[in-house]
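Residue numbers run from 1 in the order of the sequence given.
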Amino acid sequence: VQLQASGGGLVQAGGSLRLSCAASGRTFDYGMGWLRQAPGKEREFVGTISASGRRTYYADSVNGRFTISRDNVKNTVYLQMNSLKPEDTAVYYCAARKNAGGSTNPAEYAYWGQGTQVTVSS
């Protein structure tokens with residue numbers, strides 16, 4: 001399984017971005033997640049989605065602003081980010097786990113994309 005994240009960039013506070021994660025290989029029955037890492041900080045959970053797409057879960061810091069979705073026909077997972085804040089600045093990674101459920105634990109993800117930089121200016 002290979003994951004390719006894209007869609008990052010520079011945006012002003014209050015703006016929006018949509019990240020995409022294109023997967024090659026079998027992912028339709030894998031839970032997927034987005035995680036991020038800011039400079040000098042540990043990688044942290046952002047959001048996760050089950051294999052079916054019916055279940056999602058978000059970190060408190062992004063709940064209500066970010067939405068994760070997936071298109072299993074296109075083998076792509078999305079992260080819609082609205083009302084962005086400077087503290088959302090980080091490298092965002094998509095990841096897949098060998099389980100249909102999602103997870104908040106970075107250690108439970110088996111496959112990782114290369115990351116895409118999101119910078120939010122104040």
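Using a 4.5 Å heavy-atom cutoff, the side chains of V46 and Y93 are not in contact. Side-chain atoms of M81 and V11, non-hydrogen and from C-beta on, never get closer than 4.5 Å to each other. At least one side-chain heavy atom of K98 sits less than 4.5 Å from a side-chain heavy atom of Y30.
Remark: side-chain polar atoms of T89 are paired, donor with acceptor, to backbone N or O of V120 under 3.5 angstrom. With hydrogens and angles ignored, the 3.5 Å screen pairs no side-chain donor or acceptor of T56 with any backbone N or O of I68. Panel note: side chain N72, backbone A51; a donor-acceptor pair is recorded below 3.5 Å.
To the nearest 0.5 Å, atom OH of residue Y92 and atom CG of residue L35 are 10.5 Å apart. Between the CH2 atom of W34 and the CG atom of L19 there is a distance of 4.5 Å, given to the nearest 0.5 Å. Note that CZ of R70 is 11.0 Å distant from SG of C94, once rounded to the nearest 0.5 Å. Note that the CZ atom of R36 and the CZ atom of F45 stand 10.5 Å from one another [nearest 0.5 Å]. Rounding to the nearest 0.5 Å places OG1 of T48 at 9.5 Å from OH of Y58. The distance from the OH atom of Y111 to the OG atom of S24 is 10.5 Å, given to the nearest 0.5 Å.
Following chains of ILVMFWY side-chain contacts shorter than 4.5 Å, one can reach F66 starting from V77, so the two form part of one hydrophobic cluster. Tracing side-chain contacts under 4.5 Å through hydrophobic residues (I, L, V, M, F, W, Y), one never reaches W112 starting from V118; they form parts of separate clusters. Residues Y109 and Y57 fall within the same hydrophobic cluster, defined by Ile, Leu, Val, Met, Phe, Trp and Tyr side chains chained together at heavy-atom separations under 4.5 Å.
Considering all non-hydrogen atoms of both residues, A90 and Q117 come closest at O-NE2, 3.4 Å. Nearest heavy atom pair, residue T76 against residue S20, reads CG2-CB, 4.3 Å. Summarising the geometry of M32 relative to A96, their closest heavy-atom pair is SD-CB, 3.3 Å, with the distance given to 0.1 Å. Scanning all heavy atoms of the two residues, the minimum distance from V1 to R26 falls at CG2-O, 3.4 Å. In plain terms, the two heavy atoms of L3 and C21 that are nearest each other are CB-SG, 3.9 Å. Residue L17 comes nearest to L84 through the heavy atom pair N-CD1, 3.9 Å, listed as atom of the first residue, atom of the second, then distance.
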Pair Q4-S6, side-chain hydrogen bond (donor to acceptor under 3.5 Å, both in side chains): steps then yes or no: CA-CA 7 Å; Q4 180 74 37; S6 62; over 6 Å; no
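Within 6.0 Å of atom CD in Q80, more than 12 heavy atoms from other residues, nucleotides or ligands are found, so the atom counts as buried in its surroundings.
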